[in-house]
Amino acid sequence: MIGKAAHIHAAAPGPGARRYLASMTREERTHISNAIWLCATHADLIDRDEATYTAEVLREMKAEHEGKCAERQRNVLSVGQPNADLIAIGPDIVFVGKFLGVEGEVWSFHLQSFIDGDVHNLITFADRYEQTAVKDRFVLVNELGDGRALRAKPSVTRETTGCYTVRCLVFPSAERIPAADIPKMWALSDSHDLMTSNGKWAMVSGVDALPQQVKTCLSHQMGESPFHRDFGTRFAEYYNLLAGSPWLDRYLNLEIIRLAAIPYFNPTDNQQYTPLLCVERVFGIQILANTPTNNWLPIRVNLSVKGLGRWQHDLSVCIPSEPIQRWSFDELLAGPFIRG
């Protein structure tokens with residue numbers, strides 16, 4: 001272990017305090033944006049040569065390196081290189097790991113380190129599997145661009161190296177429909193409003209509806225609808241937590257996999273389907289702007305679509321600036337728009 005956490009601007013004044021900036025607050029000094037991870041040799045070098053390694057230079061170095069790392073992560077599936085990536089078991093356990101293989105209906109993983117949760121959370125998830133909502137019984141694998149609903153609780157084995165092997169008994173891949181069979185829906189304009197044609201509301205279906213299906217699905221916040229509490233995405237939640245972090249696009253990638261691979265049961269018509277309907281595999285997502293514009297964040301998705309094959313498209317997803325109001329059904333019935 002030769003890594004060393006260094007400060008861009010020194011954490012405190014005094015002898016050897018390089019690039020100290022008196023105007024910074026304590027929070028700014030301790031924030032991750034004022035940190036840079038270096039090997040011990042170069043951590044000492046930047047403090048010996050403050051004239052060459054200015055704060056601006058260090059920030060550029062950090063941004064360039066993080067950009068390359070993020071690009072390498074995005075290209076893992078595209079170039080076919082095996083690489084550790086995020087794996088999720090249920091909604092609250094995320095770890096860095098590698099897919100080991102399939103034996104029958106069992107998927108196996110090497111768990112390297114936790115991002116969300118810990119081994120106790122994983123064991124608790126297994127212990128309480130029968131009490132866990134069906135919608136939360138899943139495994140998502142960025143390395144595969146795919147996921148499965150769990151058939152039984154996962155098993156966890158500690159290896160002699162101190163790491164863990166996780167095994168998940170899974171259901172077969174969920175059914176998808178061909179893109180040509182996407183049902184008819186109201187057409188939306190580039191400004192996200194309903195479109196009209198010859199004075200009538202325009203409709204769209206099939207392959208022409210695919211961009212809109214992806215856009216509306218990724219923009220619908222989890223719990224936003226009082227009639228479909230379990231439907232929706234965590235895109236806004238992840239963006240607000242992880243904006244500016246190299247983890248953001250990897251979490252969003254997991255979320256697209258969940259919507260593509262894990263069936264949703266619609267209680268209004270007793271039908272089961274994957275929210276993205278025809279997406280069979282997720283190759284990646286690229287965020288195309290640093291911040292949303294008028295609550296819309298441009299992204300590029302790289303997907304495998306049934307009936308089309310590889311499909312890339314630029315679109316915008318809604319990232320609300322404030323938390324969505326979660327109305328209960330009773331509140332809707334009692335609301336002024338009902339009573340009036």
Side-chain angles (χ1 to χ4, degrees), residues 74-80 135 138-149 170-197 200-222 224-225 228 230-235 249 252-266 268-288 296-318:
R74 282 194 295 269
N75 292 336
V76 165
L77 287 173
S78 299
V79 299
K135 69 180 181 65
F138 58 75
V139 57
L140 314 172
V141 188
N142 268 350
E143 184 182 351
L144 299 179
D146 201 0
R148 292 287 189 276
V170 299
F171 282 101
S173 179
E175 277 294 319
R176 276 75 152 191
I177 65 171
D181 293 341
I182 295 176
K184 187 179 293 186
M185 63 184 75
W186 300 110
L188 298 177
S189 67
D190 292 338
S191 59
H192 320 296
D193 295 320
L194 289 173
M195 291 178 61
T196 58
S197 177
K200 297 181 180 179
W201 297 117
M203 304 293 289
V204 66
S205 63
V207 175
D208 293 337
L210 178 56
Q212 184 171 309
Q213 173 66 22
V214 176
K215 169 184 170 179
T216 55
C217 188
L218 299 185
S219 296
H220 187 104
Q221 306 307 307
M222 178 72 77
E224 182 177 354
S225 169
H228 303 276
D230 299 334
F231 185 86
T233 177
R234 300 174 71 182
F235 256 53
D249 63 346
L252 298 185
N253 202 78
L254 283 177
E255 187 66 354
I256 299 177
I257 292 172
R258 183 181 68 83
L259 297 170
I262 307 305
Y264 166 74
F265 178 78
N266 187 338
T268 60
D269 59 10
N270 293 324
Q271 296 294 313
Q272 183 170 277
Y273 53 85
T274 56
L276 287 174
L277 299 180
C278 55
V279 175
E280 296 183 304
R281 190 177 179 190
V282 179
F283 290 100
I285 175 177
Q286 184 177 356
I287 301 168
L288 302 179
W296 291 92
L297 181 70
I299 64 172
R300 176 174 297 140
V301 292
N302 186 354
L303 311 171
S304 177
V305 175
K306 187 171 183 177
L308 288 183
R310 195 74 166 257
W311 183 80
Q312 296 186 58
H313 197 82
D314 292 0
L315 49 90
S316 293
V317 295
C318 183

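Just so you know, residue 1 is the first one in the sequence shown, and it goes up from there. Model, not experiment: these values are computed from the prediction. Just so you know, these numbers use all the heavy atoms, side chains as well, and skip hydrogens, waters and symmetry mates.
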- For Phe171, which residues count as a side-chain contact (heavy atoms from CB on, under 4.5 Å) partner, sequence neighbours excluded? Ala149, Arg151
- Query: Between Arg281 and Leu144, is there a donor-acceptor pair closer than 3.5 Å when you use the side chain of the first and the backbone of the second?
  - Reply: yes
- Would you name the heavy atoms of Ala174 and Pro263 that are closest together and state the gap between them? CB-CG, 3.8 Å
- Measure the spacing between OG of Ser189 and CD of Gln212 and express it to the nearest 0.5 Å. 9.5 Å
- Message: Run the ring-ring contact (aromatic ring centres under 6.0 Å, His included) test against Phe138 and tell me which residues pass, sequence neighbours left out.
- Response: none
- Val317 to Phe235 - nearest heavy-atom pair and separation: CG2-CD2, 4.0 Å
- Message: Looking at every heavy atom in both Pro183 and Leu277, which two are closest together, and how far apart are they?
- Response: CD-CD1, 4.2 Å
- Query: Does the side chain of Leu252 reach to within under 4.5 Å of the side chain of Ile299, using non-hydrogen atoms?
  - Reply: no
- Message: Walk me through whether Gln221 and Thr233 qualify under side chain to side chain contact (heavy atoms under 4.5 Å, CB included).
- Response: CA-CA 5 Å; Gln221 306 307 307; Thr233 177; 4.3 Å; yes
- NZ on Lys135 to CG on Asp230, rounded to 0.5 Å: 4.5 Å
- Going through the checks in order, is the side chain to side chain contact (heavy atoms under 4.5 Å, CB included) test met by Asn302 and Arg310? CA-CA 7 Å; Asn302 186 354; Arg310 195 74 166 257; 2.8 Å; yes
- Message: For Arg258 versus Gly232, what's the shortest heavy-atom pair and its separation?
- Response: NH2-O, 2.7 Å
- Message: Please determine whether side chain to side chain contact (heavy atoms under 4.5 Å, CB included) holds for the pair His313 and Val214, giving the CA-CA distance in whole Å, both sets of side-chain angles, and the decisive distance to 0.1 Å.
- Response: CA-CA 10 Å; His313 197 82; Val214 176; over 6 Å; no
- Query: Out of curiosity, Leu140 CG to Leu254 CG, how far, rounded to the nearest 0.5 Å?
  - Reply: 5.5 Å
- Query: What pair of heavy atoms forms the shortest contact from Cys217 to Phe231, and how long is it?
  - Reply: SG-CZ, 4.4 Å
- Any chance you could measure Cys318, atom SG, to His220, atom NE2, to the nearest 0.5 Å? 11.0 Å
- Item | Lys/Arg-Asp/Glu bridge criterion (N-O < 4.0 Å) met for Asp314, Arg300 | yes
- Between Glu280 (side chain) and Leu303 (backbone), is there a donor-acceptor pair under 3.5 Å? no
- Are any non-hydrogen side-chain atoms of Trp311 and Val301 less than 4.5 angstrom apart? yes
- Query: If you look at every heavy atom in Leu218 and Ile256, which pair is closest and at what distance?
  - Reply: CD2-CG1, 4.1 Å
- Query: Is the backbone N or O of Leu276 less than 3.5 Å from a side-chain atom of Arg176, with the two atoms forming a donor-acceptor pair by type?
  - Reply: no
- Query: So do Lys215 and Ser316 actually touch side chain to side chain, heavy atoms under 4.5 Å?
  - Reply: no
- Message: For the CZ atom of Phe283 and the CG atom of Asn142, what is their distance to the nearest 0.5 Å?
- Response: 13.0 Å
- Message: To the closest 0.5 Å, what do you measure between NZ (Lys184) and CG (Asp208)?
- Response: 12.5 Å
- Passes side chain to side chain contact (heavy atoms under 4.5 Å, CB included), Lys306 versus Glu175? Steps please. CA-CA 10 Å; Lys306 187 171 183 177; Glu175 277 294 319; 4.2 Å; yes
- Task: Check whether any side-chain heavy atom of Val282 lies under 4.5 Å from a side-chain heavy atom of Asn253, and answer yes or no.
- Result: yes
